[in-house]
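Everything below concerns the one structure shown next.
Computed over heavy atoms, backbone and side chain alike; hydrogens, waters and symmetry mates excluded.
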Amino acid sequence: MAVVPQKDETRALLGLTDRLYRAQGLDDVYAAALDAIAVMLDCARASILLFDDQGAMGFVAWRNLSDEYRSQVSGHSPWQRGETQAEPIFVRDVRDTGEPDWLKAALAREGIVALGFVPLMANGVVVGKFMTYFGDPHDFSAHHRELAVAIARQVGFSLERHAAEKARSEAVRDLKESGDRFRLMSEDAPIMIWIADSQGKCLHLNRMLRNFWGVPDEVGDFDFTSTLHDDDRAAVGAAMAAALRDRQSVTVKGRYRRSDGAWRVLETTARPNFSASGAFMGMIGVNVDITEREEADAHKQLLINELNHRVKNTLAVVQSVARQTFRRDGTGDLEVEAFQGRLAALAQAHNLLAAEAWQSASLEEVARRSLNGDADVRIAIRGPRVELRPKQAVTTAMALHELYTNAVKHGALRSSEGRVELSWLTAEAPRGSLVVRWLERSPQPILPPVRRGFGSTMIEQALGADLNAEVEMDFQRSGLVCTIVAQLADTVRQ
């Protein structure tokens, strides 16, 4: 075996490193590696094999190997793709090994007696190998083994670099194609669409948004914050800056000056834009002109506020008239107290609906406001979220007030040890329904009423009319059990 001087080995290693650095493609990498193997390991025959996408090992470059041999042994490998632990294998004489007869025969026909398997590692896993071949028994010295590992390490680094460059090029190409498609689709969209880079600079405005701001087709250095109303600039700027910093979605409203000088309210919804490799590219968003909607909402709120004011005044007048009327006709204090309690329950329901702009009210909140502070103290409440329409909310509040008042005066809550369970559940079939259950638990026997009062009549009739409900009143020794079955189709369920 010829001995290569150490200075020539060093020169060869430096030459390999330089050639791999300047390689324009994988063919240059393979050529540089095979030249280094031939010089540094003193062999005339060598090959480089890599795993394909299916995990099969195949030849990608070789020196002085026949087509027949490569066809026969292609796919043979001592390692699996992706292994993290792989050591070189050096065979002095393959005839003395336990390799299969077919492989020994193929090697013999090719005139190969000794060979070395050196794994190629990239990103910490096996991606391939290079092979050295000798026609006679060959002792691989420790020095030559170290050289083989050094060559493999340099080639592995180069394979990593080229794989990363390929992925980057593909990502750039895909991103450009995706961006071009997006711009083409967004250009004539009926909403305002924009793209900003990772620093918040505008990269793209579609036609509708360019027309809104009077911006030319080339966006250039356009700064959207220059069109913001002074009173909105700080809040909008802070929200967008936080979204960029945290790479999170954001929705924010602000007043912007249109190209004709008019102020318009735009609602901006933006989300982070990431490349295929996960790199943060900036934000992509849409602006929707909600000026008319904001004006309509403001007008509606004005009407609701006026309605609230008038209803409260009306309730106050009714309360005053009732107080004077009861005093004149000699009605007792209990009747006056009951009437005022019903007015108070009506006012509570009204206040709850006013807070929700008279859209709906949750059953749980209606219940809590109707129980005079006893919720979670002596009355346990549980049930899924159910939204009631305004008229249903008022009727339910009145019914629960009557149940609560009756329990305090005549039922389980008359005793400090008494308790009530208020629960509800929903059912889908056959017809969606809401089942509300009022269950009293008194430690002392409760006598059923001798006559039907206003409360019972109101509960049955009002709930039947406003919630399309069936009401069952069951007076047991432990207190009243009231079951209300309403049709969910007549409620706003969430």
Side-chain angles (χ1 to χ4, degrees), residues 1-4 6 9-10 12-14 16-17 20 26 29-30 32-63 65 69-70 72-104 106-107 110 112-164:
M1 178 178 68
V3 178
V4 180
Q6 185 174 359
E9 291 174 352
T10 302
L13 269 176
L14 292 175
L16 172 63
T17 302
L20 291 177
L26 289 177
V29 172
Y30 303 148
L34 291 173
D35 287 344
I37 293 169
V39 171
M40 299 173 66
L41 301 183
D42 190 26
C43 63
R45 288 182 288 183
S47 65
I48 299 175
L49 300 92
L50 297 178
F51 286 111
D52 61 19
D53 293 338
Q54 285 70 45
M57 183 78 81
F59 288 87
V60 296
W62 56 90
R63 295 277 173 86
L65 295 175
Y69 171 75
R70 288 186 287 105
Q72 287 179 317
V73 302
S74 181
H76 180 265
S77 172
W79 310 290
Q80 298 294 321
R81 183 178 64 169
E83 285 190 32
T84 58
Q85 301 294 329
E87 297 294 332
I89 300 172
F90 299 97
V91 181
R92 181 183 182 277
D93 191 331
V94 73
R95 294 170 297 188
D96 298 333
T97 67
E99 292 294 335
D101 291 340
W102 70 267
L103 181 57
K104 289 182 178 180
L107 291 168
E110 194 72 9
I112 297 173
V113 174
L115 64 165
F117 302 75
V118 184
L120 297 174
M121 309 286 289
N123 298 312
V125 300
V126 177
V127 296
K129 66 180 179 180
F130 79 73
M131 301 286 299
T132 60
Y133 309 93
F134 297 88
D136 298 307
H138 183 81
D139 291 314
F140 293 87
S141 67
H143 180 61
H144 275 159
R145 295 181 185 215
E146 290 176 357
L147 287 175
V149 171
I151 294 171
R153 185 179 297 115
Q154 293 298 320
V155 174
F157 290 156
S158 187
L159 292 176
E160 283 184 10
R161 181 169 66 87
H162 280 271

Exercise for review: Would you please name every residue forming a side-chain hydrogen bond (donor to acceptor under 3.5 Å, both in side chains) with Arg145, sequence neighbours left out?
Suggested key: none
Exercise for review: Report the residues that fulfil ring-ring contact (aromatic ring centres under 6.0 Å, His included) with Phe140, sequence neighbours left out, ordered by chain and then residue number.
Suggested key: Phe90, Phe134, His138
Review point. Does the pair Asp96 and Lys104 meet the rule for a salt bridge (Lys or Arg N to Asp or Glu O under 4.0 Å), with working shown?
Key: CA-CA 10 Å; Asp96 298 333; Lys104 289 182 178 180; over 6 Å; no
**Study point:** Qualifying residue for side chain to side chain contact (heavy atoms under 4.5 Å, CB included) with Val29, from Leu20, Leu34, Ile48
**Key:** Leu20
Check your understanding: Knowing that exactly one of Val91, Asp93, Val94 qualifies, which makes a side chain to side chain contact (heavy atoms under 4.5 Å, CB included) with Pro137?
Key -> Asp93
Identify every side-chain donor-acceptor pair in residues 118-133 under 3.5 Å, counting partners at least two apart or on other chains, and give the distances.
residue: Lys129; atom: NZ; partner: His76; partner atom: O; Å: 2.9
residue: Thr132; atom: OG1; partner: Gly116; partner atom: N; Å: 3.4
residue: Tyr133; atom: OH; partner: Ser47; partner atom: OG; Å: 2.7

**Study point:** Point-to-point distance, once rounded to the nearest 0.5 Å, from CG of Leu16 to CD of Gln154
**Key:** 6.0 Å
Exercise for review: Starting at CG of Leu107, measure out to OG1 of Thr97 and round the result to the nearest 0.5 Å.
Suggested key: 8.5 Å
Practice item. Verify side-chain contact (heavy atoms from CB on, under 4.5 Å) between Leu115 and Ile89, making sure each step is shown before the conclusion. Key: CA-CA 9 Å; Leu115 64 165; Ile89 300 172; over 6 Å; no
Check your understanding: Do other residues, nucleotides or ligands put more than 12 heavy atoms under 6.0 Å from Gln80 CD?
Key -> no
Can you see which heavy atom on [X] is nearest to which on [Y], and at what distance?
X      : Y      : value
Phe51  : Trp79  : CZ-O, 3.3 Å
Val113 : Arg95  : CG1-NH2, 3.7 Å
Pro88  : Val149 : CG-CG2, 3.8 Å
Leu13  : Ala150 : CD2-CB, 4.3 Å
Arg63  : Ala44  : CB-O, 4.1 Å
Asp136 : Ala114 : O-CB, 3.5 Å

Check your understanding: Do Leu50 and Phe59 touch side chain to side chain, with heavy atoms closer than 4.5 Å?
Key -> no
Practice item. Answer yes or no: is there a side-chain heavy-atom contact under 4.5 Å between Val60 and Leu49? Key: no
Practice item. Mark yes or no for whether Arg81, through its side chain, and Asp52, through its backbone, hold a donor-acceptor pair below 3.5 Å. Key: yes
Check your understanding: Is the NZ or CZ atom of Arg45 both under 6.0 Å from the centre of the six-membered ring of Trp62 and within 45° of that ring's axis?
Key -> no
